[in-house]
Each structure stands twice: as C-alpha cells, then as structure tokens.
**Q** 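This structure is in structure tokens; I'll ask about it shortly.
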2 protein chains.
Amino acid sequence: MNSVSNFVEKLRNSGLRPTKQRIKICEVLFNTDKTFHFTINELSKIISEKIEEKISLATIYNTVHAFKREGYLKEITINSDKSYFDTNTSHHHHFFDNLTKELTDLNDEDVEKIQIKKSLPGKKISSVEILVKVENE
Amino acid sequence: MNSVSNFVEKLRNSGLRPTKQRIKICEVLFNTDKTFHFTINELSKIISEKIEEKISLATIYNTVHAFKREGYLKEITINSDKSYFDTNTSHHHHFFDNLTKELTDLNDEDVEKIQIKKSLPGKKISSVEILVKVENE
DNA sequence: ATGCTACTTTATAATGATTCTAAAAAAAGT
DNA sequence: ACTTTTTTTAGAATCATTATAAAGTAGCAT
Ligand SMILES: [Mn+2]
Ligand SMILES: [Mn+2]
Ligand SMILES: [Zn+2]
Ligand SMILES: [Zn+2]
C-alpha cells in the first residue's frame, strides 16, 4: 500500500529531501496498514532493531517534527513525562491507561457530538480533543 | 477566606508539616479568591517577588507534588514543553490559546454531557477531560 | 561524468526541567 | 539541654530535547 514513491512524496511535501535515512524512517512509520502510537525513543529502538545501519537521534527528531508540521503525524500529550506521536492523523480521541501506559484510539464517531456552550471573545475553536483515562474495573 | 489555619490543615492532610516555607507557598497558592494556572517556574518567580526570603526549587517541587497527590492542585497537560498546575480542583476542562499560551477554564456545565460509545474490556473510565484549542478569529 | 553548492547526517555539546543527594538547619521528643 | 527526626537547601545528576559544526551526500549545471 505505501511504497517508496509514497514516502518520497510525503518527504517532499514536508520540505525534506528523500534520503536513505528518511526513507527508512518512513518504512517504520507508514509501511503498515495499522496505525500506532510511539515515543521518539520507542521509534528509535524499532528502527535500530529493524535496520542494519543506525540512524542518529537528531535525524529522527527532525524527521518526526517535519512530518508533524505537515500533518503526517499527530502529537498526543498525555502527561509531561513523555511525548507520544500518532500515525493516525484522522480526527480522533484517546483512552489512556495509567497503569499500563497504553494509548487506545477513540474514534470521533464513538463520541456523542460535543457542544461547547462557552466561547472566548475574538477566538475561534481550532480543535477539541478528549482524553479518557481508564483504570481496572 | 483562606487563613493560616486552613493552610496548616491542607499541609497536614498532605502529609507535610507546616513549616515557614510551606506556609508561604500556601499563601501564594490559596490566599486568593480566584483560582489560577501556573508552571513551577512561574510559581517560583511569584514567590520570590512577593517574599523577602527565597525558597529553594526543591521545596517548591516537593510541596506542589504533595498537594497534587492529595488533590489540592491539579496538573494540566497541554504539551510536552511545560507542565501546568491548577488551583481550581473542581472537575473542569480547558481552552488553550497556542499563540498567547493562555489557559482558560471551561466549566463542566459549559460542556454538553459527553457520551462515550466505546468501552475497553475490563476497564472503567476514571476521568474525561476536554482540551479545546483556540486561535484568533 | 565532474564539479559546485546547498542540504543532510552525525557525534557531541548545550539546554532546561525535574529529581536526587547529602550536609546544614530546624523542629520535635524526652 | 540533648537526641532524634524531619526539612531545607545548594548543587549534582538525569533525561529528553535541541543546537552546533564538521564531514558526507544529493541535486543540478556544466
Ligand atoms: Mn509530575
Ligand atoms: Mn514537540
Ligand atoms: Zn491515536
Ligand atoms: Zn483550570
């Protein structure tokens, strides 16, 4: 489904030249039918496991941030400890299990339409995101 | 409204003895009718401006975290850059203006009841929080 | 293809928030 | 007053992230 030409397009759109390292990063991020959540460190580990040559952290940070800027990745903020990224770029929400530290998608359709009855003068809403924290029953 | 005896109670409930430094921190946090949002660094600055003697960062961190643990403060996570705390401990949501970095309360009553139509097996919801990002009109 | 230039990668250093440490100070207990 | 426990504090350690600057590579024009 996602092939090198697709990665090249994503990189170019993000203002990045398609280098060997960046293509490798794309393979990990986009060469799957399932979307997933990751931290930069996890991504770095996945890359070093799957790939013979190592990619420096600086390159990974730069590439991930460029993709985020362009909208090919979303950043999810749960707590101040860690920054999570998401390859699911559709508008959606999250469950977070504080015990297992697991993030689960909560699709927009799975939430009754949210009505905000307050507004701020001179401001308009640019996004509404819900974080549902869960615990064991 | 909030006086020293009230601060002493909050400290004791949080497992802390009422020392001079901790009472000063309470005065900044709780000796006001308005609730507010702050970062630890901002709190540290406010304290050093309002008070002759200086309180070490370690003491401020420890005290704030003890209050959070006990529920006298809430932590609000907007992005991974900074950790915000909130003296408003009622269940509520937030507006965040990414330009001004300003946080504004959005009361529970100002949001139409949220219905989550999906559930995770073996898990129950412990909190639902909404973050509304705003931008200039 | 060759060379020129701009972009990229990388190792390493810097930064900044938070936490840890251990010694001095303060408070509590006897 | 003396002893023990708790607290404060300065400074060190840690850890994620960002910056730097030198060496490598890609794109483009000859
Ligand atoms: Mn924290
Ligand atoms: Mn970021
Ligand atoms: Zn997601
Ligand atoms: Zn608030």
Side-chain angles (χ1 to χ4, degrees), chain A residues 4-5 7-29 37-48 51-70 73-85 101, chain B residues 4 7-8 10-29 37-48 51-70 73-85 101:
Chain A
V4 174
S5 67
F7 303 155
V8 171
E9 188 197 348
K10 284 191 166 70
L11 287 165
R12 287 241 143 89
N13 288 343
S14 306
L16 300 177
R17 285 186 188 167
T19 64
K20 198 173 45 173
Q21 292 87 343
R22 288 168 178 165
I23 299 281
K24 291 288 186 189
I25 294 173
C26 286
E27 280 169 8
V28 172
L29 290 179
H37 305 108
F38 63 92
T39 64
I40 296 273
N41 258 324
E42 288 164 3
L43 178 59
S44 172
K45 264 175 222 145
I46 296 169
I47 290 171
S48 59
I51 285 164
E52 61 287 356
E53 67 212 298
K54 133 176 211 310
I55 299 178
S56 77
L57 256 187
T59 297
I60 297 175
Y61 269 98
N62 290 340
T63 306
V64 164
H65 279 123
F67 281 148
K68 179 193 162 188
R69 226 175 289 126
E70 191 60 24
L73 291 176
K74 288 180 74 173
E75 190 169 5
I76 316 282
T77 310
I78 304 297
N79 54 42
S80 38
D81 306 342
K82 279 178 181 174
S83 188
Y84 292 85
F85 289 87
K101 305 293 174 197
Chain B
V4 173
F7 302 155
V8 170
K10 284 191 166 69
L11 286 165
R12 287 241 143 87
N13 287 344
S14 307
L16 299 178
R17 287 188 186 163
T19 64
K20 198 173 44 171
Q21 290 88 342
R22 289 167 178 164
I23 298 281
K24 290 288 184 188
I25 294 173
C26 286
E27 278 168 10
V28 172
L29 290 180
H37 305 109
F38 63 91
T39 65
I40 297 271
N41 258 324
E42 288 165 3
L43 178 59
S44 171
K45 264 175 222 146
I46 296 169
I47 290 171
S48 59
I51 283 162
E52 61 287 357
E53 67 212 299
K54 138 176 207 310
I55 299 177
S56 77
L57 257 186
T59 298
I60 297 175
Y61 270 98
N62 290 340
T63 307
V64 165
H65 279 124
F67 281 148
K68 181 193 161 187
R69 227 174 290 126
E70 191 59 24
L73 291 176
K74 287 181 75 173
E75 190 169 6
I76 316 282
T77 310
I78 305 298
N79 55 43
S80 38
D81 305 342
K82 280 178 179 173
S83 188
Y84 291 85
F85 290 88
K101 305 293 174 197

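This one's a predicted model, so the numbers in the text were calculated from it and none came from an experiment. Here is the naming used below: chain letters follow the sequence lines, and residue numbers restart at 1 for every chain. Side chains are part of it too, since the values below use all heavy atoms of this structure and drop only hydrogens, waters and symmetry mates.
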**Q** Tabulated below should be each protein N or O lying under 3.5 Å from an N or O of nucleotides 10-13 of chain C; please produce it.
**A**
residue: dT10(C); atom: OP1; partner: Gln21(A); partner atom: NE2; Å: 3.4
residue: dT10(C); atom: OP1; partner: Lys54(A); partner atom: O; Å: 3.3
residue: dT10(C); atom: OP2; partner: Ser56(A); partner atom: N; Å: 3.0
residue: dT10(C); atom: OP2; partner: Thr59(A); partner atom: OG1; Å: 3.4
residue: dA11(C); atom: OP2; partner: Lys54(A); partner atom: NZ; Å: 3.3

**Q** Atom CD1 of Ile60(A) and atom C1' of dT8(C): how far apart are they, to the nearest Å?
**A** 14 Å
**Q** For the pair Phe85(A) and Phe38(A), name the ring-plane relationship: parallel under 30°, tilted 30 to 60°, perpendicular over 60°.
**A** parallel
**Q** Is there side-chain contact between Ile47(B) and Ile25(B), with heavy atoms separated by less than 4.5 Å?
**A** yes
**Q** Could you tell me the separation between the CG atom of Leu16(A) and the CZ atom of Arg22(A), rounded to the nearest 0.5 Å?
**A** 4.5 Å
**Q** Rounded to the nearest Å, what distance is computed from the NZ atom of residue Lys24(A) to the P atom of nucleotide dT25(D)?
**A** 16 Å
**Q** Write down the distance between CD1 (Ile40(A)) and C1' (dC15(D)), rounded to a whole number of angstrom.
**A** 14 Å
**Q** Can you tell me how far P of dT9(D) sits from CD1 of Ile47(B), to the nearest Å?
**A** 11 Å
**Q** Taking the minimum atom-to-atom distance to the side chain of Arg22(A), which one of dT18(C), dT17(D), dT9(C) wins?
**A** dT9(C)
**Q** Could you grab the distance from atom NE2 of His65(B) to atom CG of Leu73(B), nearest 0.5 Å is fine?
**A** 10.0 Å
**Q** Please tell me if the side chains of Lys101(A) and Tyr84(A) come closer than 4.5 Å, counting only heavy atoms from C-beta onward.
**A** yes
**Q** Between Leu29(B) and Leu43(B), is there a side-chain heavy-atom distance shorter than 4.5 Å?
**A** yes
**Q** Under 3.5 Å, is there a donor-acceptor pair between the side chain of Arg12(A) and the main chain of Pro18(A)?
**A** no
**Q** Which protein N or O atoms sit under 3.5 Å from an N or O of nucleotides 26-30 of chain D?
**A**
residue: dG27(D); atom: OP1; partner: Arg12(A); partner atom: NH2; Å: 3.3

**Q** Can you give the donor-acceptor pairs under 3.5 Å from side chains of residues 54-62 of chain A to other protein atoms, not counting sequence neighbours?
**A**
residue: Ser56(A); atom: OG; partner: Thr59(A); partner atom: N; Å: 3.4
residue: Ser56(A); atom: OG; partner: Thr59(A); partner atom: OG1; Å: 3.2
residue: Asn62(A); atom: ND2; partner: Ala58(A); partner atom: O; Å: 3.2

**Q** Heavy atoms only: give me the nearest Phe7(B)-Glu27(B) pair and the separation to one decimal.
**A** CE1-CG, 3.6 Å
**Q** Atom CG of Leu11(A) to atom P of dT9(C): distance rounded to whole Å?
**A** 9 Å
**Q** On the nucleotide dT18(D), are OP1 or OP2 found under 4.0 Å from the side-chain N or O atoms that His65(A) carries?
**A** yes
**Q** Between dA27(C) atom P and Leu16(B) atom CG, what is the distance in whole Å?
**A** 15 Å
**Q** Without decimals, in angstroms, what is the distance between Tyr61(B) OH and dG11(D) P?
**A** 17 Å
**Q** Please state how far atom CZ in Phe38(B) lies from atom P in dA17(C), giving the value in whole angstrom units.
**A** 16 Å
